[in-house]
Amino acid sequence: MAIQYVCRHCRTLIGELEQRHVSDELLGFHFLTPEERQSIISYNPNGDMTVNVVCDYCKEALDNNPELSLLASPLQ
């Protein structure tokens with residue numbers, strides 16, 4: 001099972017883990033509510049997991065231009 005961290009805005013691959021046995025506690029997912037888990041984590045048919053986060057570039061752009069958060073796809 002691979003775990004890919006992808007920016008939710010620009011879709012850049014931030015990092016990837018190729019671990020077979022990684023617990024939710026080790027990844028910190030146990031701190032998420034069920035609603036947060038559903039919006040952040042998705043599972044691919046082959047069992048891989050995609051975690052949608054915000055990369056440093058997009059975070060800086062959103063911090064400097066908060067009005068971008070009103071757009072559906074602010075940074076493409």
Side-chain angles (χ1 to χ4, degrees):
M1 171 179 81
I3 302 168
Q4 295 182 333
Y5 288 82
V6 177
C7 179
R8 70 173 57 248
H9 299 294
C10 67
R11 307 305 300 163
T12 299
L13 178 64
I14 297 169
E16 185 172 14
L17 298 172
E18 287 286 342
Q19 299 293 327
R20 296 286 177 216
H21 304 287
V22 179
S23 67
D24 286 353
E25 289 79 22
L26 184 62
L27 295 171
F29 296 155
H30 64 290
F31 290 113
L32 300 174
T33 65
E35 293 81 18
E36 290 170 329
R37 286 179 71 97
Q38 187 175 18
S39 70
I40 295 172
I41 302 169
S42 61
Y43 297 91
N44 302 329
N46 64 355
D48 290 350
M49 179 187 304
T50 301
V51 182
N52 293 302
V53 294
V54 180
C55 70
D56 291 338
Y57 172 78
C58 290
K59 181 181 180 335
E60 184 178 337
L62 289 167
D63 287 347
N64 292 332
N65 304 286
E67 67 278 3
L68 290 175
S69 64
L70 300 173
L71 303 173
S73 296
L75 305 164
Q76 305 180 41

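These figures come from a predicted structure and were not determined experimentally. Atoms considered below: every heavy atom in the structure, side chains included; atoms not considered: hydrogens, waters and symmetry mates. Along the sequence shown, the residues carry numbers beginning at 1.
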- prompt: Is Leu17 close to Leu27 at the side-chain level, that is, under 4.5 Å between some pair of heavy atoms?
  reply: yes
query: Is there a side-chain contact between Asn52 and His9, using heavy atoms and a 4.5 Å cut-off?
result: no
If you round to the nearest 0.5 Å, how far is [atom2] of [Y] from [atom1] of [X]?
{"X": "Met49", "Y": "Glu16", "atom1": "CE", "atom2": "CD", "result": "12.5 Å"}
{"X": "Thr50", "Y": "Arg8", "atom1": "OG1", "atom2": "CZ", "result": "12.0 Å"}
{"X": "Ile40", "Y": "Glu35", "atom1": "CD1", "atom2": "CD", "result": "11.0 Å"}

- request: Ignoring hydrogens and angles, tell me if any N or O in the side chain of Asp24 forms a donor-acceptor pair with the backbone of Phe29 under 3.5 Å.
  value: no
field: Backbone of Asn46 reached by a side-chain donor or acceptor of Asn44 within 3.5 Å
entry: no
field: Closest heavy-atom pair and its distance - Phe31, Glu36
entry: O-OE1, 4.2 Å
- prompt: What closest approach, in Å, do Val54 and Cys7 show between heavy atoms, and which atom pair accounts for it?
  reply: CA-SG, 4.1 Å
query: Got more than 12 heavy atoms from elsewhere within 6.0 Å of CG, Asp63?
result: yes
task: Report, as yes or no, whether the 6.0 Å neighbourhood of atom CD on Gln38 holds more than 12 heavy atoms from other residues, nucleotides or ligands.
output: no
- line: Apart from Leu13 itself, its cluster of hydrophobic side chains linked below 4.5 Å comprises Val6
